[in-house]
Amino acid sequence: MIQSLSIPSRSESLLQTLLNIWEESVRSTHLFLSEKDIAALRPLVLQGLGGIDQLLIYSIDDGNAPLGFMGIQDHKIEMLFVSPGAMGQGIGKKLVTHVIDHLNVQSVDVNEQNPQALGFYEHMGFCVVERSPLDEQGNPFPILHMKLR
């Protein structure tokens, strides 16, 4: 089940749950990040979760805990994270398909050092159009800018 949450309906408890999913997911997929990097990103991610235009949550049904989430801003996927225990079950694909079909999503940025994500987005119809040598915080983590074909 995909649920879209408006900013006022995002409780602190939910935001903490999503932050935990983010951290668990990052630890299993972003192996290039150090503990210091993850700690520095935590408050930025929490702020992003609270203020992003469209926050979509995936769970089995209304009463179950979230298994993944996605944030959309200006027709762009800004974040997509799935709990490691739920990876490979099609959650990311369902979320991406939903936002392409219903929210006119056209782009996404991917860490170059995360080949799993790059392959996933290529499989979903995105292609690399540009590369930036630094991430948004100015760190040496190259970003691949992708657009929907």
Closest non-hydrogen atoms of P142 and Q113, given as atom of the first, atom of the second and distance, are CD-OE1, 3.6 Å
Practice item. Say whether Q106 and N104, considering side chains only, have a donor N or O and an acceptor N or O under 3.5 Å apart. Key: yes
Sorted by chain and residue number, the ring pair (Phe, Tyr, Trp, His ring centres under 6.0 Å) partners of H75 (sequence neighbours excluded) come out as none
I77 vs I72 side-chain heavy atoms within contact, under 4.5 Å: yes
**Request:** Would you kindly say whether D37 and S34 are connected by a side-chain donor-acceptor distance under 3.5 Å?
**Result:** yes
TODO: Please indicate whether Q3 has more than 12 foreign heavy atoms, meaning atoms of other residues, nucleotides or ligands, lying under 6.0 Å from its CD.
DONE: yes
Exactly one candidate in V108, L148, V96 meets side-chain contact (heavy atoms from CB on, under 4.5 Å) with M124; the answer is V96
query: Is E130 reaching over with its side chain to a backbone N or O of H145, donor-acceptor style, under 3.5 angstrom?
result: no
Is it possible for you to say whether L19 and I91 belong to one hydrophobic cluster, with membership spreading through side-chain heavy-atom contacts below 4.5 Å? no
Between the side chains of E122 and R149, is the shortest nitrogen-to-carboxylate-oxygen separation below 4.0 Å, so that they form an ion pair?
no
Going by heavy atoms in the side chains, are L103 and L56 under 4.5 Å from each other? yes
Within 6.0 angstrom of Q137 CD, more than 12 heavy atoms from elsewhere:
yes
Scanning both residues in full, the closest heavy-atom pair of I7 with G50 reads CG2-O, 3.5 Å
On a heavy-atom basis, the closest approach of A86 and L67 is CB-CB, 4.1 Å
| query | Are any of the side-chain heavy atoms of V129 and L144 separated by less than 4.5 Å? | reply | no
From the list L15, I57, L49, side-chain contact (heavy atoms from CB on, under 4.5 Å) with R10 holds only for L15
Flag if over 12 foreign heavy atoms under 6.0 Å of CD, Q89: yes
Residue pairs passing the ring pair (Phe, Tyr, Trp, His ring centres under 6.0 Å) test with at least one member in residues 32-66, sequence neighbours excluded, are H30-F32, F32-F141
**Asked** Donor-acceptor pair, T17 side chain versus S13 backbone, under 3.5 Å?
**Response** yes
*Is it true that a side-chain atom of S25 and a backbone atom of I21 form a donor plus acceptor pair closer than 3.5 Å?*
no
If you define the side chain from C-beta out and look only at heavy atoms, does anything of I52 sit under 4.5 Å from M79?
yes
Original post:
Same cluster for M1 and L55 if Ile/Leu/Val/Met/Phe/Trp/Tyr side chains link at under 4.5 Å?
Top reply: no
Shortest non-hydrogen pair, L31 vs R27, comes out as CD2-O, 3.5 Å
* Anything under 30° is parallel, anything over 60° is perpendicular, the rest tilted; go ahead and classify F69 against F81. => tilted
- Under the 3.5 angstrom rule, does the side chain of D135 hit a backbone N or O of G138 as a donor-acceptor pair? yes
